[in-house]
Visitor: 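Just dropping this structure here.
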Number of protein chains: 2
Amino acid sequence: MSNKNIGIKDVATAAGVSVTTVSHVLNEVAYARISPETRDKVRSAAEQLGYGPNRLAQALRTQRTGMLGLVSEDIATTPHAGRIILGAEEAAKARGYNLMIINTSGSASLESRRDDVDALLERRVDGILYATMYHRNVELPANLGSVPAVLVDSVAAGGNITAVIPDEEGGARAAVEALLAAGHRRIGFINNTDDVPATHQRLQAFRATLTEAGLDGGAAPVESEVSEVHGGYEAARRILAREDRADMPTALFCYNDRMAMGAYRAAAELGLTIPADLSIVGFDDQELIAANLHPGLSTVALPHYEMGAWATEHLIDAIEGKTDLTLMALHPTILSCPLVTRDSIAAPRD
Amino acid sequence: MSNKNIGIKDVATAAGVSVTTVSHVLNEVAYARISPETRDKVRSAAEQLGYGPNRLAQALRTQRTGMLGLVSEDIATTPHAGRIILGAEEAAKARGYNLMIINTSGSASLESRRDDVDALLERRVDGILYATMYHRNVELPANLGSVPAVLVDSVAAGGNITAVIPDEEGGARAAVEALLAAGHRRIGFINNTDDVPATHQRLQAFRATLTEAGLDGGAAPVESEVSEVHGGYEAARRILAREDRADMPTALFCYNDRMAMGAYRAAAELGLTIPADLSIVGFDDQELIAANLHPGLSTVALPHYEMGAWATEHLIDAIEGKTDLTLMALHPTILSCPLVTRDSIAAPRD
DNA sequence: CTGAAAGCGCTAACAA
DNA sequence: TTGTTAGCGCTTTCAG
């Protein structure tokens with residue numbers, strides 16, 4: 001239990017040695033040649049007094065704080081935020097670092113975001129993680145460049161900073177392939193209307209995967225709506241509104257779990273049972289939804305925890321000189337999005 | 001844009017004054033008598049050089065870091081975590097403080113949680129927020145006592161530390177009253193089985209509110225299950241399984257939104273339309289569920305953001321000597337849980 | 001094998 | 001009105 005009032009000096013006097021010696025044994029300095037007895041004396045004195053180092057003083061002296069700044073755009077607006085933070089926090093802790101978190105609004109001015117980064121810099125964080133709450137391109141405050149930094153879930157508009165993002169395309173492929181593997185041939189896509197990378201990449205992968213399977217990917221039905229439950233509902237109503245049931249898709253790939261939730265309702269209203277009459281795959285793996293729908297929604301998981309951990313790991317490597325971030329900055333690192341299988345996929349009827 | 005390599009000394013030479021003067025003008029020290037011209041010189045020199053104070057050095061000298069430690073049990077396991085963090089972060093930022101976050105597992109040993117607090121203490125945080133992710137009694141590491149601290153969403157087992165918790169009872173009352181106001185007389189409660197304060201307090205308030213309305217609160221139907229969707233489903237099936245429809249509750253108060261989600265499904269299976277045949281109120285206001293169910297779920301909101309902000313506000317007051325925390329520690333502060341009205345409540349059929 | 005002393009960047013008491 | 005200087009608690013060079 002580190003006691004605020006006890007310093008290295010107190011330990012030194014208690015152990016009858018100099019502060020140098022205390023510092024050397026407590027930090028296990030490699031080149032220090034100190035007798036085992038002295039070491040013991042020092043250690044037990046420190047223990048006795050409840051000594052804990054003053055990291056501020058250490059940092060001032062060594063120019064290393066062991067702190068990482070995490071500026072997070074819109075913490076808490078999305079449940080994903082927590083996973084990124086958790087991944088970062090655990091990776092940091094494992095390497096002896098701590099996290100300072102600053103929340104910033106995605107819609108905040110570049111200037112106010114610069115001030116947020118400045119606050120971190122004044123505290124002399126060793127590096128900065130900049131996390132956005134959904135995958136997108138982001139314009140970054142210039143002062144970010146003054147310490148090692150890595151982007152989580154976004155790529156810089158300028159493009160010259162190390163970033164880690166989800167494999168949208170691979171995720172979408174996995175989703176569609178699961179549907180194909182179950183025997184589906186008429187598959188629809190319920191897409192988002194936002195102009196973000198995920199929208200385009202998932203659509204592209206959707207069509208490509210169908211085409212590669214010998215189907216007409218270009219002609220497959222796609223309906224776009226806002227990426228909310230009601231949007232999913234509307235889109236599903238439209239996509240399922242074929243006169244002829246033989247024309248109707250037997251499976252739906254949905255942009256995200258919320259839209260899938262809407263599709264569930266549309267299916268219910270149309271008297272379609274999931275998965276017997278209609279198979280559905282989502283995206284995001286928002287537990288609250290995916291695991292709780294009935295039947296459980298098979299969906300593609302976004303690697304938020306992993307991105308947080310990866311970014312932290314590499315940031316620390318860079319800080320410790322084990323990695324060259326400028327090299328990695330050439331292209332973003334892409335982390336895979338695994339399919340989480342639940343109960344919303346089955347073979348099509350006949 | 002604070003430049004790491006520029007110190008107060010550089011500003012001093014650039015402005016042709018001493019470091020004292022620089023320190024005085026930049027910190028707007030009250031008793032300093034410095035000519036306006038000098039002030040200007042200093043400020044523009046600082047500006048020019050991109051000077052930013054080294055908060056470490058300041059802190060070392062002043063014994064004030066302006067940092068708050070937030071130890072959070074199970075960030076990210078629940079979406080609520082983010083709201084607490086956000087409330088704390090914004091309140092802190094507004095008063096010039098920053099947050100250091102450490103995640104700790106609720107199931108972690110007392111010792112490992114003590115180490116987490118120690119990490120914060122070594123960094124000389126000015127105070128500590130200890131947040132749990134659901135309202136409960138918690139055993140705290142002893143070293144928490146060495147700086148001002150406040151608990152968020154829990155009360156200490158020992159009971160001698162300032163805490164802020166949700167008004168479970170008031171929330172439950174609001175829920176039941178909304179049902180009564182809509183004209184319901186046969187109201188059931190779907191409760192949780194965990195031995196946490198919310199379970200007991202909500203039940204108690206449920207019965208009391210009915211009784212006060214002239215009904216037989218003691219006889220009102222209550223079914224308990226695990227507080228998940230499937231638990232809610234099971235409990236709802238049981239509670240709605242009356243032979244005689246005249247006996248069946250016309251409204252259900254559910255322990256949380258997830259259980260309410262299960263109740264929705266049970267109702268659908270029984271051919272009951274919400275809210276025409278059955279009114280439902282939840283608890284938690286988990287947006288993802290409550291806003292997305294169809295019809296939207298009326299529910300009681302937990303004041304997570306508010307608790308985070310309140311705790312931070314008062315922690316800072318204590319740090320700055322504006323409040324005496326030991327006084328507030330006498331009993332926990334209770335923040336109200338407002339009813340969020342959506343579309344799941346209607347008058348009972350005749 | 002161990003210790004003295006300088007200095008990280010800043011604030012504040014004291015002197016001028 | 002402004003400057004000198006000690007010292008916050010630590011690490012690390014250099015000397016013994």
Visitor: Any side-chain N or O of Ser18(B) under 4.0 Å from OP1/OP2 of dT2(D)?
Guide: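 So the side-chain polar atoms of Ser18(B) never come under 4.0 Å of the phosphate oxygens OP1 or OP2 of dT2(D).
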
Visitor: Identify the heavy atoms of Ala163(A) and Ser154(A) that sit nearest to each other, and give their distance.
Guide: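 Nearest heavy atoms, Ala163(A) then Ser154(A): CB-O, 3.3 Å.
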
Visitor: Output the rounded distance in Å from CZ (Arg64(A)) to P (dT11(D)).
Guide: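 These atoms are roughly 14 Å apart.
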
Visitor: Let's test your reading of the model: under 3.5 Å, does the base of dA12(C) pair with the side chain of Thr20(B) as donor and acceptor?
Guide: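 Indeed there is one.
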
Visitor: With heavy atoms under 4.0 Å as the rule, sort Ser35(A) into base, sugar-phosphate or nothing.
Guide: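 It contacts sugar-phosphate atoms only.
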
Visitor: With sugar-phosphate meaning primed atoms plus P, OP1 and OP2, does Val29(B) contact a base, only sugar-phosphate, or nothing at under 4.0 Å between heavy atoms?
Guide: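 Val29(B): no heavy atom of the nucleic acid under 4.0 Å.
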
Visitor: Between Glu122(A) (CD) and dC8(C) (P), how many Å, whole number?
Guide: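 Distance, rounded to whole Å: 20 Å.
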
Visitor: Rounding to a whole Å, what distance do you find between Asn54(B):CG and dT11(C):P?
Guide: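 It is 10 Å, rounded to the nearest whole Å.
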
Visitor: How close or far is atom P of dG9(C) from atom CD of Gln58(A), stated in whole angstroms?
Guide: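 Checked: the CD to P distance equals 17 Å.
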
Visitor: In whole Å, what is the span from the OH atom of Tyr31(A) to the P atom of dC14(D)?
Guide: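 Value for this atom pair: 11 Å.
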
Visitor: When only distance counts, do a donor and an acceptor, one from the side chain of Thr38(B) and one from the base of dT2(D), lie under 3.5 Å apart?
Guide: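 Checked by distance alone, the answer is no.
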
Visitor: Let me know the distance between CD of Glu37(B) and C1' of dT2(D), rounded to the nearest Å.
Guide: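 Taking atom C1' of dT2(D) as the reference, CD of Glu37(B) is at 13 Å.
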
Visitor: Short question: side chain of Asn54(A), backbone of Leu56(A) - any donor-acceptor pair under 3.5 Å?
Guide: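 Answer holds: yes.
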
Visitor: I need the CG-P distance between Leu26(A) and dT11(D), as an integer number of Å.
Guide: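 For the pair Leu26(A) CG and dT11(D) P, the rounded distance is 8 Å.
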
Visitor: Lys93(B) and side-chain hydrogen bond (donor to acceptor under 3.5 Å, both in side chains): which single residue from Asn103(A), Asp116(A), Thr104(A) fits?
Guide: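 Exactly one pass, corresponding to Asp116(A).
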
Visitor: Start at the 5' end of DNA chain C and walk down; is the nucleotide closest to Arg61(B) or to Arg39(A) reached first?
Guide: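 So the residue in question is Arg39(A).
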
Visitor: Starting at atom CG of Leu60(A), determine the distance to atom P of dC8(D), rounded to an integer number of angstrom.
Guide: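 After rounding, the reported distance stands at 13 Å.
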
Visitor: Check step by step if side-chain contact (heavy atoms from CB on, under 4.5 Å) holds for Arg113(A) and Tyr130(A).
Guide: CA-CA 11 Å; Arg113(A) 278 149 60 218; Tyr130(A) 195 104; 2.9 Å; yes

Visitor: Within the pair Thr21(A) and dG3(C), is there a side-chain N or O less than 4.0 Å away from OP1 or OP2?
Guide: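 Yes, within the criterion.
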
Visitor: Using only side-chain N and O atoms of Gln63(A), determine if any of them is under 4.0 Å from OP1 or OP2 of dG9(C).
Guide: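 Yes, Gln63(A) has a side-chain N/O under 4.0 Å of OP1/OP2 on dG9(C).
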
Visitor: Hey, does the side chain of Asp126(B) reach the backbone of Gly66(B) with a donor-acceptor pair shorter than 3.5 angstrom?
Guide: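 A pair under 3.5 Å: yes.
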
